[in-house]
Amino acid sequence: MLEEWRRPAGDRRKNPSIIRYMCSSVMQRAMIAPTVWILVTLLDGKYFVCAFSNSIDPEKFPDLAANITTYDALQHFLAKIPCKHDELMRNNTSRKAVSRYLKCCSQAFGWSLLLILIVMAFLARSLKPCFNHAAFLQTRYWSNYIDLEQKIFEETCCEQTRDFAHRCILHFFESMQTEIKLRRFNAYTEEKGTKVKENIHLSGITSQEQISKFLLSWYNRKPPLDLSQA
């Protein structure tokens with residue numbers, strides 16, 4: 001998405017709707033894991049107890065307010081509520097009440113968030129036909145095209161890189177070329193059929209500078225999406 005946004009226009013203009021679609025698609029996929037983690041955490045309630053044990057109102061718990069009179073002692077007690085393994089706090093009824101209250105609040109937030117997400121997903125699915133579905137299909141098509149084009153370009157670059165490296169190694173070991181062909185380095189050309197495949201991939205490229213210029217041209221120009229020019 002960022003590559004498509006930052007690349008030069010060249011021979012192919014950039015469509016803002018495609019970039020927006022790619023951005024929304026990336027955001028939707030990226031939000032799945034954090035949303036699930038937040039929901040599981042809220043429904044479990046342990047982290048909510050640890051985070052908000054000092055923020056509760058002591059007046060909601062009469063036993064707590066009656067047994068602890070000083071503010072510092074009250075804050076100390078509230079801070080130790082998550083420490084259920086403490087011997088002094090393990091069987092304390094006030095601690096259990098506060099902990100149960102906070103877990104109920106946490107689960108209430110969790111179920112409310114889950115309900116909101118379900119309603120939002122339902123509304124998005126219901127209102128989707130109200131928009132221009134043809135434009136949405138076009139945007140999704142060209143977004144997929146950009147991804148596949150980049151993937152095919154990288155695969156083609158790998159094939160061309162293999163041929164270029166093969167040719168450079170054969171030139172480097174020119175004195176051993178015959179022996180190398182009979183062994184390891186000729187395996188690729190035997191699988192493909194003939195060495196004509198190398199010439200097709202290389203397309204007259206004979207140096208590192210030519211490859212660098214070719215890649216720079218692809219990045220700066222990007223050929224137009226018009227097969228009639230072929």
Side-chain angles (χ1 to χ4, degrees), residues 1-38 40 124 128 132-230:
M1 180 189 66
L2 293 177
E3 291 177 358
E4 180 66 16
W5 174 259
R6 296 181 60 184
R7 74 169 176 84
D11 295 333
R12 185 191 306 175
R13 65 182 181 87
K14 291 183 286 187
N15 191 343
S17 62
I18 296 177
I19 298 176
R20 288 195 298 267
Y21 175 81
M22 296 173 68
C23 179
S24 63
S25 179
V26 170
M27 291 297 295
Q28 290 175 8
R29 297 175 184 177
M31 289 298 294
I32 292 176
T35 303
V36 172
W37 183 85
I38 292 174
V40 172
K128 185 178 179 180
N132 191 346
H133 194 62
F136 174 78
L137 290 177
Q138 294 174 356
T139 303
R140 185 171 62 179
Y141 175 88
W142 290 116
S143 175
N144 294 334
Y145 173 85
I146 292 174
D147 294 336
L148 291 175
E149 182 190 54
Q150 183 65 26
K151 182 179 179 180
I152 295 173
F153 179 77
E154 292 176 358
E155 293 176 354
T156 307
C157 285
C158 290
E159 295 179 358
Q160 192 273 345
T161 302
R162 186 184 182 109
D163 292 337
F164 186 76
H166 184 203
R167 184 71 63 83
C168 290
I169 293 174
L170 289 179
H171 281 298
F172 182 76
F173 293 99
E174 187 175 3
S175 60
M176 302 171 59
Q177 190 171 5
T178 303
E179 182 180 357
I180 292 173
K181 284 183 178 180
L182 296 176
R183 295 184 180 180
R184 184 179 303 172
F185 288 91
N186 199 37
Y188 174 70
T189 56
E190 289 178 355
E191 294 175 359
K192 295 297 182 180
T194 60
K195 289 185 65 177
V196 178
K197 188 71 175 179
E198 294 181 12
N199 297 328
I200 294 176
H201 286 166
L202 294 178
S203 302
I205 296 177
T206 57
S207 65
Q208 180 180 358
E209 289 75 13
Q210 290 178 337
I211 295 178
S212 299
K213 290 180 180 179
F214 170 76
L215 297 175
L216 183 62
S217 176
W218 170 266
Y219 177 75
N220 289 330
R221 295 180 58 185
K222 271 297 180 74
L225 302 177
D226 188 1
L227 296 180
S228 63
Q229 296 183 0

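We count residues from 1, following the sequence as given. The model shown is predicted, which means the values in this text are computed figures rather than measured ones.
- With contacts defined as side-chain heavy-atom distances shorter than 4.5 Å, the pair I18/M22 qualifies.
- Applying the side chain to side chain contact (heavy atoms under 4.5 Å, CB included) criterion to S17, with sequence neighbours excluded, gives N15, R20, T139.
- Considering only residues two or more places apart in sequence or on other chains, F136 meets the side chain to side chain contact (heavy atoms under 4.5 Å, CB included) condition with Y21, K128, H133, R140.
- The structure places CZ of R162 at 15.5 Å from SG of C157, a figure rounded to the nearest 0.5 Å.
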For residues 145-155, please give each side-chain donor-acceptor pair under 3.5 Å, one per line with the distance, not counting sequence neighbours.
| from | atom 1 | to | atom 2 | distance (Å) |
| --- | --- | --- | --- | --- |
| Y145 | OH | E149 | OE2 | 3.3 |
| E149 | OE1 | R12 | NH1 | 3.1 |
| E149 | OE2 | R12 | NH1 | 3.4 |
| E149 | OE2 | R12 | NH2 | 2.8 |
| Q150 | NE2 | E154 | OE2 | 3.2 |

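- Partners of F214 by ring-ring contact (aromatic ring centres under 6.0 Å, His included), not counting sequence neighbours: none found.
- Every residue meeting the side chain to side chain contact (heavy atoms under 4.5 Å, CB included) condition with S212, not counting sequence neighbours, appears here in chain and number order: Q208.
- With sequence neighbours excluded, the residues forming a side chain to side chain contact (heavy atoms under 4.5 Å, CB included) with T35 are M31, L39, L117, listed by chain and number.
- The line from OG of S24 to CD1 of I19 is 12.0 Å long, rounded to the nearest 0.5 Å.
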